Protein chains: 2
Amino acid sequence: MKAKPLIEHFETYLPFEEAEISLIESRISRRKLKRREYIMTTGDICRHYTFVVKGVLRLYGIDPTGKEHNILFAAENDWIADITSFHDTKPGKSNIQTIEPSEIIQIAQQDLYHLYINIPKLDRIFKVITEEKYVELQNRVFQNISSTAQQRYSYFYEKYPHLASRLPNTQIASYLGITPEFLSMIRKEIILGK
Amino acid sequence: MKAKPLIEHFETYLPFEEAEISLIESRISRRKLKRREYIMTTGDICRHYTFVVKGVLRLYGIDPTGKEHNILFAAENDWIADITSFHDTKPGKSNIQTIEPSEIIQIAQQDLYHLYINIPKLDRIFKVITEEKYVELQNRVFQNISSTAQQRYSYFYEKYPHLASRLPNTQIASYLGITPEFLSMIRKEIILGK
DNA sequence: TTTTACCCTTAAACTAGTTTAAGAAATTAA
DNA sequence: TTAATTTCTTAAACTAGTTTAAGGGTAAAA
């Protein structure tokens with residue numbers, strides 16, 4: 001059953017019946033991606049919610065000078081989408097790309113709306129998921145406005161050890177809002193026990 | 001009807017019937033607050049979702065050195081709550097305080113859960129509200145990691161002109177993650193057309 | 001109406017983070 | 001297995017933002 005990892009994810013929130021599972025199964029697609037493959041680039045309309053079965057993806061924006069900035073990472077059992085673009089069905093500003101070879105499950109807009117109508121508890125589940133993600137982002141904003149780069153790195157390292165050890169430092173630096181050079185310095189200082 | 005501003009807010013998402021409105025009316029409380037009054041301080045459990053009828057409130061955190069950092073503002077027709085604390089019914093780290101004399105509508109945890117069960121579309125509405133707020137926060141994170149303080153100030157000024165003109169600069173500086181002194185410099189440079 | 005508290009500004013010295021450049025180490029492709 | 005590319009590191013010169021301190025303006029409280 002291709003939907004299995006997704007159902008297991010949903011069932012960490014609420015239980016599902018067979019009929020519901022079959023309906024979900026019929027409305028998703030699952031596929032494999034190579035390293036550095038894109039599922040969305042600037043100007044595309046984001047037409048899917050993407051659930052990560054295996055691997056890591058990043059969502060990044062590009063500033064007026066052309067530099068990339070990582071807005072979020074999504075690894076196993078996490079979601080990724082350009083919500084603004086998805087919601088309004090209009091061209092988005094983001095890019096979504098694999099960092100490792102990955103496997104994903106996607107739900108298209110129409111299918112998701114169909115599922116919301118037929119399985120109302122999905123409204124509840126996505127409400128809770130979005131609240132959880134909102135809280136994470138709020139913590140990140142607090143870090144950004146209140147901490148030094150070193151503190152932000154330590155926080156990231158403690159909170160997402162599986163990501164911190166898995167991602168190239170350039171990607172982490174981009175996420176933290178600093179240069180890779182400065183991250184290198186920070187890491188040296190942390191090792192020296194500063 | 002004390003719930004009127006709240007119902008009008010909900011009806012920007014979906015229509016409501018009389019019975020539903022009465023149920024909501026019976027499950028909320030409305031009150032007035034003085035300037036600088038707190039509805040939550042660090043260590044409290046956040047037991048309400050608060051809707052702002054009139055005025056402005058801020059939610060702020062305190063860093064290890066004791067400094068305050070504004071995480072968000074909420075003015076008319078906006079929501080404010082320490083979601084982490086509310087969700088898990090555990091002591092929160094935030095403080096929520098009025099900046100101006102304000103009027104609010106509050107929904108207590110139990111009442112909100114009761115409303116979710118009896119009016120399922122509220123799950124849908126709060127899902128959408130949370131998604132909207134998530135997107136706003138994501139844009140703010142992008143600003144924080146990709147822009148200078150001057151660009152962040154300009155963005156804030158354009159996106160929230162009603163707040164920018166209404167709030168003391170010290171509060172705006174705290175929200176932007178810079179010192180009031182540096183904000184003062186930035187404003188001078190902007191006026192000089194830099 | 002006077003005082004107090006708050007809010008904003010300016011400027012000089014300082015610190016955190018960036019940029020540029022060059023080379024070493026690790027991965028990936030051929 | 002080697003070549004090519006990406007990633008990481010170090011260091012010096014630079015720029016963005018903070019700190020400290022002092023003073024002026026304005027709103028609120030007594």
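All figures in this text were calculated on a predicted structure; none of them were measured in a lab. Chain letters run A, B, ... following the sequence lines, proteins first, then strands; residues in each count from 1. Side chains included, hydrogens not; waters and symmetry mates left out as well; all remaining heavy atoms used.
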Give a yes or no on whether the backbone of B/Thr98 and the side-chain of B/Ser102 come within a donor-acceptor separation of less than 3.5 Å. no

Using whole Å, what does the distance between atom C1' of nucleotide C/dC7 and atom CD1 of B/Ile99 come to? 14 Å

Can you tell me the distance, in whole Å, between the CD atom of B/Glu181 and the P atom of C/dT9? 11 Å

Using atom types as modelled and distance alone, determine if a side-chain donor or acceptor of A/Ser146 lies under 3.5 Å from a backbone N or O of A/Phe142. yes

Using a 3.5 Å distance criterion without hydrogens, assess whether the side chain of B/Asp44 forms a donor-acceptor pair with backbone atoms of B/Thr41. yes

Interatomic distance, B/Arg35 CZ vs C/dC7 P [rounded to whole Å]: 6 Å

Under 4.0 Å from a heavy atom of chain A: give me the 5'-most and 3'-most nucleotides of DNA chain D that qualify. D/dT6 to D/dA11

Give A/Ser184 one of three labels, base, sugar-phosphate or nothing, depending on what nucleic acid heavy atoms sit under 4.0 Å from its own. base

Which part of the nucleic acid, if any, lies within contact of B/Thr179, taking any heavy atom under 4.0 Å across all strands shown: a base, the sugar-phosphate backbone alone, or nothing? base

Hey, are the side chains of B/Lys2 and B/Ile105 touching, using non-hydrogen atoms and a 4.5 Å cut-off? no

5'-most contact on DNA chain D: A/Pro168 or B/Met185, nearest heavy atom basis? A/Pro168

Distance check needed: C/dT27 P versus A/Gln171 CD, whole Å only. 15 Å

Take atom CG of B/Leu167 and atom P of C/dC7, then tell me their distance rounded to the nearest Å. 11 Å

Centres of the A/Tyr49 and A/Phe126 rings: under 6.0 Å? yes

Does a sphere of radius 6.0 Å around NZ in A/Lys32 hold more than 12 heavy atoms from other residues, nucleotides or ligands, not counting ones at 6.0 Å or beyond? no

